[in-house]
Amino acid sequence: MNLNRWCSHKSYYPELKPKSKLRIYFDQILQVYKFGYPNEYYFSYGFDVKSSKQMDEYFHYGPFMQLRDKYNLSQHGSTCILRNKFFFGMFCDYLGIKSGEILGLLSDNRVFQPSTKQSIVLDDFCKSNNGEFFVKKIDGECGKGIFKLLLKDGNIYLDGKNSDVSEIDNLCERSTYIIQRTVVQHPDMAKLHPQSLNTMRLVTIKNINTGQISILPSILRIGTGSSYVDNTSQGGVAVGIDFSTGNLKTHGFLKPQFGGRVDRHPDSNIKFDEFQIPFLNQAIEQAKFLHSKLPDIHSIGWDIAISPEGPVFIEGNDNWEINGPQICNGGLKKQFLECLALF
């Protein structure tokens, strides 16, 4: 194991006194001893300037995943609703919650259209539709397996380039994809970065003892550059949400390979703590409502866009990751364990 790659990075908190190289190396050795591998979020969590006591407030990824899955997975659990984007769309629609409009289910060069309950060949679908769409792998994660489709007067454009049906078919070979109409986001959300659909990762969690569903500290993810996805794994920036004001918190965070800590968007130059999220309270109430209909799932990370009319639920994740919320909001181990009655 090459520990050096986990022990050297520009600090996210340059205004604070950093630990020595030797201390950082020792910290990571201790992480290996306790958890079996280094903490890849060491610098983005700010551990290079935090005490051992402060570091202990953060959940290491391995133990978090084990507890998350232990309380979320059951023999006949409803996690399948969240893992399958087509099932998720039907679930939201049935409960009267707006989700991304699914125009087709694409597999083996045929498109099943929910509106007509019929299948047509992909070529006929492309000829009979106009507009912008996202084509997503039905069980894809982290923004992978997504491409942008524009159909205009019989012409096909993939990710902005001229294309044809055979290229779509090749991209979707041996898997199933959904064709989803592009969500028109609220003008305020578009100001942050108009090229991408900027979404909240709103985390709901159920108290094991009381059954009450509450909100964990959450984040807004915003695309950067020419990217049309907002995932931090694809270069997006994540910012904590101040639920008391509805504004974003002061700093946003990019993954180490894309940058560090910033107080304004690198492209739009909007200052994060001056930006207020539209329809935030409505999104919170709808997320709690949806979670209440999945009683066997302990915690869910909801991806929510904001349209001019209100929240649009893109997907729900039982296998949500804690690193983004912790990077942007501080350690969440105590809050998470309290809901499991383990603290």
Side-chain angles (χ1 to χ4, degrees), residues 1-65 67-68 201 203 216-222 224 231-245 247-266 269-275 301 320-338 343:
M1 180 183 295
N2 180 11
L3 255 183
N4 288 329
R5 62 175 293 202
W6 307 112
C7 296
S8 179
H9 189 271
K10 182 181 177 181
S11 179
Y12 279 67
Y13 298 88
E15 73 277 12
L16 301 176
K17 184 179 179 180
K19 296 175 183 176
S20 67
K21 293 287 186 182
L22 182 62
R23 175 61 189 278
I24 292 172
Y25 193 83
F26 175 79
D27 280 350
Q28 289 286 41
I29 288 289
L30 193 59
Q31 296 281 299
V32 173
Y33 175 76
K34 291 172 67 176
F35 304 110
Y37 49 94
N39 194 319
E40 63 177 297
Y41 306 106
Y42 184 92
F43 287 94
S44 47
Y45 282 163
F47 283 179
D48 60 316
V49 299
K50 286 184 168 71
S51 66
S52 297
K53 183 177 179 181
Q54 289 173 311
M55 289 171 61
D56 196 47
E57 295 172 356
Y58 287 72
F59 233 145
H60 194 279
Y61 194 52
F64 161 73
M65 284 196 300
L67 276 175
R68 179 200 66 193
R201 167 56 63 88
V203 181
L216 278 181
S218 301
I219 59 176
L220 178 71
R221 298 171 304 186
I222 312 162
T224 61
N231 305 71
T232 56
S233 59
Q234 307 295 316
V237 57
V239 193
I241 300 169
D242 184 343
F243 289 123
S244 66
T245 64
N247 283 24
L248 296 179
K249 292 188 175 180
T250 303
H251 292 107
F253 296 80
L254 297 104
K255 286 204 167 184
Q257 64 268 38
F258 299 112
R261 187 184 67 159
V262 291
D263 64 1
R264 58 187 67 229
H265 192 276
N269 207 37
I270 290 176
K271 203 167 183 294
F272 293 130
D273 59 9
E274 295 177 356
F275 183 85
W320 62 281
E321 297 185 347
I322 201 168
N323 51 287
Q326 285 195 141
I327 289 169
C328 297
N329 299 290
L332 299 179
K333 183 165 68 173
K334 181 180 178 183
Q335 287 175 265
F336 191 82
L337 292 178
E338 282 178 341
F343 190 88

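Values in this document were obtained by computation on a predicted structure and should not be read as measured data. Counting begins at 1 with the first residue of the sequence.
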Quick one: does any side-chain atom of [X] pair with a main-chain N or O of [Y] as donor and acceptor, under 3.5 Å?
| X | Y | answer |
| --- | --- | --- |
| Q326 | Y45 | no |
| N329 | S218 | yes |
| D242 | N247 | no |
| T250 | D273 | no |
| K333 | D56 | yes |

Min side-chain heavy-atom separation [X]-[Y] under 4.5 Å:
| X | Y | result |
| --- | --- | --- |
| Y42 | M55 | yes |
| L220 | F272 | no |
| V49 | S11 | yes |

Got a second to check how far [X]'s [atom1] is from [Y]'s [atom2], nearest 0.5 Å?
| X | Y | atom1 | atom2 | answer |
| --- | --- | --- | --- | --- |
| L337 | L332 | CG | CG | 10.5 Å |
| E274 | D263 | CD | CG | 9.5 Å |
| F253 | I327 | CZ | CD1 | 7.5 Å |
| S44 | L254 | OG | CG | 11.0 Å |
| E40 | N323 | CD | CG | 7.0 Å |
| Y12 | K10 | OH | NZ | 10.5 Å |

Take a 6.0 Å sphere around CZ of F26 and say whether it holds more than 12 heavy atoms from other residues, nucleotides or ligands.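 Atom CZ in F26 is not packed in, count stays at 12 or less.
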Taking all non-hydrogen atoms of both residues, which atom of [X] and which atom of [Y] are closest, and how far apart?
| X | Y | result |
| --- | --- | --- |
| H251 | V239 | O-CG1, 3.5 Å |
| G301 | W320 | N-CD1, 3.6 Å |
| P266 | T224 | CG-CG2, 3.9 Å |
| A238 | C328 | O-SG, 3.4 Å |
| R261 | P14 | NH2-CD, 4.1 Å |
| I219 | G324 | CG2-O, 3.8 Å |

Quick one: do I222 and F275 satisfy side chain to side chain contact (heavy atoms under 4.5 Å, CB included)? Show the steps, please. CA-CA 12 Å; I222 312 162; F275 183 85; over 6 Å; no
Take F336 and L67, measure what side chain to side chain contact (heavy atoms under 4.5 Å, CB included) needs, and give me the verdict at the end. CA-CA 10 Å; F336 191 82; L67 276 175; 4.3 Å; yes
For H60, which of F47, Y41, Y37 qualifies under ring pair (Phe, Tyr, Trp, His ring centres under 6.0 Å)?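 It is Y37; the other options fail the test.
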